[in-house]
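Worth saying up front: this structure is predicted, and the values here are computed from it rather than measured.
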Amino acid sequence: MKPDIPGASAAGSGRPLSEEASSQRDAVAWNPRRFLVARLLWYVVPVALVPAAVYWLAVDGIGRDQQQSIRATLLGEARLHEEQTLSDEAAARLRQIADTTRA
């Protein structure tokens, strides 16, 4: 069993002093008042990524609407084409039957 050594852990957190110092150093490194990289992250991320996400969502919605519109137009045109084709084939078959019965 190890005896308790005073000062072996920082503020009773149970972590050794080197880990505590390391975590404090990491916390200071992200302080936007001291480091340019932290300042850039605090300003660039919200200013650049938020509008980009909004733009992405807006464009995605517009693209979805256009896709539905194109699909509706193509389906309508395909239906009209098939309707015309079937009508022409039915008329041709009717003429063929009429010619067969006359002869």
Side-chain angles (χ1 to χ4, degrees):
M1 187 171 196
K2 289 184 176 181
D4 287 336
I5 300 171
S9 65
S13 66
R15 296 189 305 194
L17 284 176
S18 62
E19 285 183 26
E20 188 71 26
S22 174
S23 67
Q24 286 177 354
R25 192 175 38 235
D26 291 342
V28 170
W30 291 106
N31 185 354
R33 292 181 182 159
R34 291 188 176 194
F35 294 96
L36 178 63
V37 173
R39 228 177 290 148
L40 288 174
L41 285 175
W42 277 103
Y43 294 128
V44 171
V45 168
V47 170
L49 291 182
V50 170
V54 170
Y55 176 76
W56 183 18
L57 293 173
V59 167
D60 189 40
I62 291 170
R64 193 177 307 118
D65 293 343
Q66 287 179 348
Q67 185 180 16
Q68 289 174 352
S69 173
I70 290 171
R71 185 178 293 137
T73 301
L74 289 175
L75 286 174
E77 288 180 8
R79 187 186 58 78
L80 289 174
H81 183 293
E82 286 298 316
E83 186 177 291
Q84 183 65 38
T85 302
L86 288 174
S87 177
D88 291 344
E89 288 176 0
R93 181 67 177 145
L94 186 61
R95 281 192 301 274
Q96 182 184 17
I97 291 172
D99 289 344
T100 305
T101 56
R102 287 188 199 152

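Once rounded to the nearest 0.5 Å, the distance linking CG of Leu80 with CG of Leu75 reads 11.0 Å. Atom CG of Leu94 sits about 9.5 Å away from atom CG of Asp99, to the nearest 0.5 Å.
Note on Val37: it clusters hydrophobically with Val45, by side-chain heavy-atom contacts below 4.5 Å among ILVMFWY residues. Tracing side-chain contacts under 4.5 Å through hydrophobic residues (I, L, V, M, F, W, Y), one never reaches Tyr43 starting from Leu36; they form parts of separate clusters.
Hydrophobic cluster membership for Trp56: none, as no Ile, Leu, Val, Met, Phe, Trp or Tyr side chain comes under 4.5 Å of it.
Counting only residues at least two apart or on different chains, the salt bridge (charged side-chain N to carboxylate O under 4.0 Å, His left out) pairs with a member in residues 82-98 are Arg79-Glu83.
Pro51 approaches Pro46 most closely through the heavy-atom pair CD-O, 3.5 Å.
When atom types are taken as modelled, the side chain of Thr85 and the backbone of His81 share a donor-acceptor pair closer than 3.5 angstrom.
With sequence neighbours left out, the salt bridge (charged side-chain N to carboxylate O under 4.0 Å, His left out) criterion links Arg64 to Asp60.
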